[in-house]
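Order of the sequence lines sets the chain letters (A, B, ...), proteins ahead of strands, with each chain counted from 1. Bear in mind the structure is a predicted one, so any value in this text is a computation, not a measurement.
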Amino acid sequence: MNPFTQLDGLVAPLDRANVDTDAIIPKQFLKSIKRSGFGPNAFDEWRYLDVGQPGQDNSQRPLNPDFVLNQVRYKGAQILLTRDNFGCGSSREHAPWALEDYGFRVLIGPSFADIFFNNSFKNGLLPIKLDVAEIDELFRQCEASAGYRLKVDLAAQTITRPDGKSIAFDIDPFRKECLLNGWDDIGLTLRHADKIRAFEAQRRAEHPYYFA
Amino acid sequence: MHAQTLYEKLWSSHVVHQEADGTALIYIDRHLVHEVTSPQAFEGLKLAGRKPWRISSIVATADHNTPTDHWDLGIQDPVSRQQVETLDANIREVGSLAYFPFKDARQGIVHVIGPENGATLPGMTVVCGDSHTSTHGAFGCLAHGIGTSEVEHVLATQCLLQKKSKTLLIRVDGQLGRGVTAKDVVLAIIGKIGTAGGTGYAMEFGGSAIRSLSMEGRMTICNMAIEAGARAGMVGVDETTIEYLKDRPFSPKGEQWAQAVDYWRSLHSDEGAEFDKVVELKAEDILPQVTWGTSPEMVTTVDGRVPDPAAVTDPVRREGIERALKYMGLAANTPITDIPVDQVFIGSCTNSRIEDLREAAAVARGRSKAASVKRVLVVPGSGLVKRQAEEEGLDKVFVAAGFEWREPGCSMCLAMNADRLEPGERCASTSNRNFEGRQGAGGRTHLVSPAMAAAAAVTGRFTDVRTLA
Ligand code: SF4
């Protein structure tokens with residue numbers, strides 16, 4: 001996993017609640033057995049006017065001019081502003097893979113769905129929860145000025161606005177460590193292999209029927 | 001000892017290790033695997049030179065991509081076929097407790113085959129790379145949907161990294177009215193608390209109305225806990241649970257059965273256990289439900305109307321409703337029973353078990369598909385469900401009514417195979433998600449119970465099933 005420390009990135013606003021993972025990456029792209037290459041199909045049904053199929057040349061497809069990420073001013077955005085319950089629905093990790101492959105590194109919203117939130121951290125994507133009032137203000141500022149950027153500092157747990165205001169955010173210490181260092185969860189867990197083995201042996205003795 | 005909730009009991013019996021910030025390593029008893037979310041996990045494992053920790057925890061099947069007709073022709077779509085073949089190869093290489101591949105007599109939707117084979121047992125932790133893993137919580141176990149990185153993590157370590165959730169009790173007391181099913185109960189719950197209402201919580205369903213449900217009804221309810229934002233839903237163990245599990249293929253036998261049952265009887269929330277939040281519903285207030293929008297919380301009763309966004313003051317909500325009505329092609333204030341349907345889908349891990357099919361067949365018996373309805377698909381949840389339905393003659397009832405009787409799988413729940421809606425088509429569906437494009441790009445989904453789906457099929461529009469006596 002790529003470590004995440006700091007980012008000074010262009011912001012794009014996606015002003016809708018309950019953006020589900022079917023919308024982030026439609027199911028026809030889940031047939032891939034790979035982990036990469038989902039970026040051109042992120043938000044496929046909103047982004048293009050035709051129906052996308054896997055393996056297509058996406059550069060030839062008609063873009064939907066009404067979809068916010070298609071606006072020139074948001075090209076190259078690395079920070080996505082969202083509303084409530086982003087990432088709800090299916091557990092597909094293809095959703096964070098698609099967002100990351102698209103170029104996003106930070107998501108800012110009032111709330112995220114559980115599984116999506118978890119999956120994001122495993123892929124070097126930082127979801128940040130802020131109060132609705134802060135989010136409203138960020139939407140206002142972002143829509144008001146082209147080229148709107150934010151500075152995100154994970155170690156300091158702050159977001160800095162162009163007007164200089166710094167907003168603090170919360171994050172689990174464990175997740176923060178992993179993200180800062182780009183640590184692989186599995187490697188970390190296997191440091192406890194002896195404990196897992198001991199736990200397993202005891203469970204097998206007490207509840208043999210779970211080990212049939 | 002203080003009174004504990006079921007979740008606390010399940011949690012504390014699985015903690016292997018805990019970090020200072022509360023992040024815990026949770027031991028996993030059962031790992032269910034399907035073709036869509038596992039290939040990258042198996043690949044990652046191999047690339048890192050790691051071996052699965054305990055293959056006897058793995059139960060696998062192919063369900064999302066498999067066709068539901070012409071099995072003799074195999075899987076026509078080459079991309080789908082490759083994904084299913086990749087699962088075959090991975091399981092062959094790695095091993096498992098059980099594998100039900102494409103065309104196997106016991107193949108089926110992963111959340112149907114686990115319980116029916118006794119592979120889901122009370123007191124277990126159950127994971128699967130699929131959000132509807134919450135289904136298995138109906139058995140008094142802790143069941144989580146996980147992402148692909150976590151699938152790899154569980155394969156490699158037999159553990160999941162988790163933080164303890166808060167607890168939410170949804171209590172439904174009283175007696176459900178005629179024609180009101182578990183599906184209506186869970187849609188009513190989601191309508192009440194919203195799709196984010198359970199976020200951060202482990203959700204337990206209790207109260208006399210839940211206790212009186214069969215295991216299949218409980219599974220329907222836990223299945224949709226995730227649609228209310230809760231990663232896990234659960235119901236305490238009682239005699240209904242134990243009765244269901246007796247003599248299933250992987251259920252314990254003989255002396256171990258007695259030992260297990262003894263333990264399982266303790267798997268319920270203690271009298272006086274405290275929850276972080278409690279929500280109560282009265283069973284008598286719940287009527288048959290129909291969703292009208294593009295999120296499961298956009299739901300009303302069959303005697304209701306499509307809402308009017310002009311009456312909503314919160315701008316984010318108002319825009320959400322406007323957008324949903326536009327996508328769904330519905331005018332504000334339309335009575336639900338005036339909405340015609342083009343297709344009907346009876347199936348999915350929410351509602352494809354034998355009792356669901358019986359309910360649908362009871363409505364279809366002696367009636368036929370309305371001429372205006374293009375297609376009615378009935379897709380059993382597994383090979384075993386299919387066989388049972390055929391033994392009861394339900395297939396004949398469906399076929400006589402002009403419905404199509406198919407092979408098991410996920411089918412039009414998410415339309416990864418050939419079963420799907422055309423743009424603009426409207427479907428009465430017994431599945432769990434009415435998201436934009438879920439059943440096919442541009443398709444419009446209304447979630448209902450199996451009986452209500454059958455009622456829509458025979459009348460051509462949403463109809464209160466209670467009027468069809
Ligand atoms: S039936 Fe639908 S919800 Fe259930 S596992 Fe299959 S695709 Fe997922």
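Rounded to the nearest 0.5 Å, atoms CG (B:L45) and CD1 (A:I186) are 7.0 Å apart. With rounding to the nearest 0.5 Å, the separation of CZ in B:R433 from CG in A:D22 is 6.5 Å. Atoms CD and NE2, on B:E19 and A:H192 in that order, are 5.0 Å from each other to the nearest 0.5 Å. Within the model, atoms CD1 of B:I146 and NZ of A:K122 stand 9.5 Å from one another, a figure rounded to the nearest 0.5 Å. Once rounded to the nearest 0.5 Å, the distance linking CD of A:E200 with CD of B:Q158 reads 6.0 Å. The CG atom of A:L190 sits 6.5 Å away from atom CH2 of B:W53, with the distance rounded to the nearest 0.5 Å.
By number of non-hydrogen pairs under 4.5 angstrom with chain B, the leading residue of A:V51, A:T189, A:D15 is A:T189. Taking chain B as the reference chain and counting heavy-atom pairs below 4.5 Å, the highest number among A:P96, A:A113, A:G187, A:G89 is found for A:G89.
Residue B:R317: no heavy atom, backbone or side chain, is found under 4.5 Å from chain A. Neither the backbone nor the side chain of A:A95 comes within contact range of chain B; no heavy atom of the residue lies under 4.5 Å from a heavy atom of that chain. In this structure, chain B has heavy atoms under 4.5 Å from both the backbone and the side chain of A:K195. Looking at B:T23, the atoms closer than 4.5 Å to chain A (heavy atoms on both sides) all sit in the side chain, from C-beta outward. Neither the backbone nor the side chain of B:P315 comes within less than 4.5 Å of any heavy atom of chain A. Using a 4.5 Å cut-off between heavy atoms, A:P26 does not touch chain B at all. With a threshold of 4.5 angstrom between heavy atoms, A:P54 does not approach chain B through any atom at all. No part of B:A48 comes within reach of chain A, as not one of its non-hydrogen atoms sits under 4.5 angstrom from that chain. For a residue to count as touching a neighbouring chain, one of its non-hydrogen atoms must lie under 4.5 Å from one of that chain's; by this rule A:N123 touches chain B with the side chain only. Heavy atoms closer than 4.5 Å to chain A are found nowhere in B:K253, neither backbone nor side chain. Using a 4.5 Å cut-off between heavy atoms, A:F112 touches chain B through its backbone atoms (N, CA, C, O) alone. Only the side chain of A:E45 comes within less than 4.5 Å of a heavy atom of chain B; its backbone N, CA, C and O stay farther away. Heavy atoms of A:R197 lying under 4.5 Å from chain B belong to its backbone as well as its side chain. When heavy atoms are compared at a cutoff of 4.5 Å, A:D185 approaches chain B by way of both its backbone and its side chain. Only the side chain of A:F199 comes within contact range of chain B, with at least one heavy atom under 4.5 Å from a heavy atom of that chain. The contact between B:L161 and chain A is made entirely by side chain atoms (from C-beta outward), counting heavy-atom distances below 4.5 Å. For A:N119, the part sitting under 4.5 Å from any heavy atom of chain B is the side chain, from C-beta outward, and nothing else. Residue A:S111: no heavy atom, backbone or side chain, is found under 4.5 Å from chain B. Only the side chain of B:Q162 comes within contact range of chain A, with at least one heavy atom under 4.5 Å from a heavy atom of that chain.
Annotation: side chain of A:L30 is not in contact with side chain of B:H64 (no heavy-atom distance under 4.5 Å).
Counting non-hydrogen atoms of neighbouring residues, nucleotides and ligands closer than 6.0 angstrom, the CG atom of A:D170 reaches no more than 12 such neighbours.
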- [ ] Determine, stepwise, if the pair B:K163 / A:F174 fulfils side-chain contact (heavy atoms from CB on, under 4.5 Å).
- [x] CA-CA 11 Å; B:K163 274 206 138 171; A:F174 182 71; over 6 Å; no
Open item on the list: Run the side-chain contact (heavy atoms from CB on, under 4.5 Å) test on A:I115 and B:R231 for me, step by step, so that the C-alpha distance in whole Å, both residues' side-chain angles and the decisive distance to 0.1 Å come before the verdict.
Closed with: CA-CA 7 Å; A:I115 302 178; B:R231 205 173 182 186; 3.4 Å; yes
Task: Pair A:H94-B:Q40, side-chain contact (heavy atoms from CB on, under 4.5 Å): steps then yes or no - done: CA-CA 10 Å; A:H94 312 67; B:Q40 296 88 349; 3.9 Å; yes
TODO: Let me see the working for B:H17 and A:I196 under side-chain contact (heavy atoms from CB on, under 4.5 Å), right down to the final yes or no.
DONE: CA-CA 8 Å; B:H17 171 81; A:I196 302 172; over 6 Å; no
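Taking 4.0 Å as the cut-off between side-chain N and carboxylate O, B:R50 and A:D184 count as a salt-bridged pair. Electrostatic pairing of A:D20 and B:R438 does not count as a salt bridge here, judged by no charged N lying under 4.0 Å from a carboxylate O.
Closest approach of B:S131 and A:S91 over heavy atoms only: N-OG, 3.3 Å. Counting all heavy atoms, side chain and backbone alike, A:D114 lies closest to B:G229 at OD2-O, 4.2 Å. Contact record, A:R203 with B:G123: NH2-O, 3.3 Å, taken as the closest heavy-atom pair. Contact detail for B:E43 and A:I33: the closest heavy-atom pair is OE1-O, 4.1 Å.
Below 30°, between 30° and 60°, or above 60°: for A:Y210 and B:Y263 the angle between ring planes is above 60°, a perpendicular geometry.
Looking only at distances, a side-chain donor or acceptor of A:K27 sits under 3.5 Å from a matching main-chain atom of B:G437. The backbone N or O of B:N65 lies less than 3.5 Å from no partner atom in the side chain of A:K31, so there is not a single donor-acceptor pair.
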